[in-house]
A.B. asks: 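There's a structure below that I have some questions on.
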Amino acid sequence: MPVDPLWNSTTALELAAQRHPGALIRLGREHRSWTLAALGDRIGCSPATVSRLERRTRIVDWPWFTALHSKSASPDTS
């Protein structure tokens, strides 16, 4: 599966090194110009849940995180 070049950017690599998963989620969402609601619809949760995931410094909602990865790791086809 091809990976979006965003994830190899300096910003993404720094956020990953600093262990800021919520900031990575926000970076990916904003990169695609998706609203909280649009991303929530794609992964099956509310905008409030997406916002909560973005504010976290650690991921405890693993099912949402894996859904986020599957929707945002590859180039947008929509």
Side-chain angles (χ1 to χ4, degrees):
M1 171 192 317
V3 176
D4 191 308
L6 168 70
W7 304 117
N8 289 319
S9 70
T10 302
T11 302
L13 295 173
E14 286 175 358
L15 290 172
Q18 296 167 5
R19 299 178 184 252
H20 290 293
L24 284 166
I25 293 167
R26 178 172 286 147
L27 179 69
R29 179 178 62 79
E30 290 177 347
H31 173 70
R32 296 188 184 276
S33 300
W34 290 345
T35 63
L36 292 169
L39 180 54
D41 287 345
R42 288 174 181 269
I43 65 169
C45 69
S46 70
T49 299
V50 175
S51 177
R52 181 172 42 84
L53 289 168
E54 289 182 350
R55 290 190 315 269
R56 295 249 170 132
T57 56
R58 62 187 178 104
I59 298 296
V60 294
D61 305 87
W62 196 249
W64 296 129
F65 186 73
T66 56
L68 281 162
H69 179 268
S70 70
K71 297 295 182 182
S72 64
S74 59
D76 192 10
T77 57
S78 59

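Positions are given from 1 along the sequence. None of these values were measured; they are calculated from a predicted model. Basis for what follows: all heavy atoms, side chains included, without hydrogens, waters or symmetry-related copies.
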A.B. asks: Going by side chain to side chain contact (heavy atoms under 4.5 Å, CB included), name the residues that satisfy it together with Ala37, two or more places apart in sequence or in a different chain.
C.D. replies: Thr35, Pro47

A.B. asks: Locate the shortest heavy-atom distance separating Asn8 from Leu13; write the atom from each residue and the value.
C.D. replies: O-CD1, 3.5 Å

A.B. asks: Could you pull out the closest heavy-atom pair between Cys45 and Val50, with the gap in Å?
C.D. replies: SG-CG2, 3.6 Å

A.B. asks: Can you measure from CZ (Arg52) to OG1 (Thr49) and round to the nearest 0.5 angstrom?
C.D. replies: 4.5 Å

A.B. asks: Which residues pass the side-chain hydrogen bond (donor to acceptor under 3.5 Å, both in side chains) test with Ser9, not counting sequence neighbours?
C.D. replies: none

A.B. asks: Can you name the closest pair of heavy atoms from Trp7 and Gly28 and give their distance?
C.D. replies: CH2-CA, 3.5 Å

A.B. asks: Please output the side-chain donor-acceptor pairs of residues 15-27 that fall under 3.5 Å, not counting sequence neighbours, one pair per line with the distance.
C.D. replies:
| unit_1 | atom_1 | unit_2 | atom_2 | d |
| --- | --- | --- | --- | --- |
| Arg26 | NE | Glu54 | OE1 | 3.1 |
| Arg26 | NH2 | Glu54 | OE1 | 3.1 |

